[in-house]
Amino acid sequence: THQNVLVFYKGNPKEIKNIFPIIKVNEESEINDNDITLATVLDMPELIEFRKPFIKDKFIMYLSAAIIQDAVDKQRLYLLKKDGEIKAYLWLNNMPRKEVCKIEEICSTVTGGGTKFMQFAEQQSKFKTMYLEVVDYNENAINFYINKGYSITDKKVGEKITNLVMTKQIDNESTDV
């Protein structure tokens, strides 16, 4: 998200650049492909802890360790690590029967992590349709996905939450079978 900051400066405005350094606000360029790895059984405790704040905010739902372990075993969970710590993860599921690549979950605590994983997901997709669901009150995520080219194509109304279904058509060489 972007934040606006209002700063008052007393003095000659032309001197500001000489007094104050440039503030780096985008860390995206600091994330590279080598930072992304498949999750392993050894990552399970840290991954479960990493998911907790997202569960608390009701952006993702609680899942048992067995379900997460199954995704790890099927090589569907990718981690973005910096300095040995999980900073983002992607749960990706190529679904041959539906001919879609579904982003089951994507969570990030680092600037650029979501963007990097969206690009990575499209590269890993075996199909031309990307698919995800997002809770309808997560406006930041909805706007993020729209900015990445996704469109709202359906709505799933549940007892407690409503998910928006979002899809994107991609042109990826790896999808050409």
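What you see is a predicted model; the values in this text were computed from it and never measured.
- Rounding to the nearest 0.5 Å places CD1 of I67 at 7.0 Å from CE of M61.
- Looking only at distances, no side-chain donor or acceptor of D70 sits under 3.5 Å from a matching main-chain atom of A66.
- The side chain to side chain donor-acceptor pair (under 3.5 Å) contacts involving residues 57-69 comprise Q69-D73, where partners must be two or more places apart or lie in separate chains.
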Practice prompt. Begin with the C-alpha distance, continue with both residues' side-chain angles, and end with the deciding distance and a verdict on ring pair (Phe, Tyr, Trp, His ring centres under 6.0 Å) for F117 and Y78.
Written response: CA-CA 9 Å; F117 266 141; Y78 298 88; 7.1 Å; no

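- The shortest heavy-atom contact between A141 and V134 is CB-CG2, 3.8 Å.
- When only modelled atom types and interatomic distance are considered, Q169 and T129 share a side-chain donor-acceptor pair under 3.5 Å.
- Residues T115 and K148 have side chains that bring a donor and an acceptor to within less than 3.5 angstrom of each other.
- Among the candidates E105, E104, K102, the single residue satisfying the side chain to side chain donor-acceptor pair (under 3.5 Å) test with N93 is E104.
- In terms of hydrophobic clustering, with Ile, Leu, Val, Met, Phe, Trp and Tyr side chains grouped at heavy-atom distances under 4.5 Å, L77 and L80 are assigned to different clusters.
- Between F54 and F50, the ring planes lie tilted relative to each other; the angle falls in the 30° to 60° range.
- No salt bridge links K126 with E99; every basic N to acidic carboxylate O contact stays at or beyond 4.0 Å.
- How far OG of S108 is from CG of L90: 11.0 Å, rounded to the nearest 0.5 Å.
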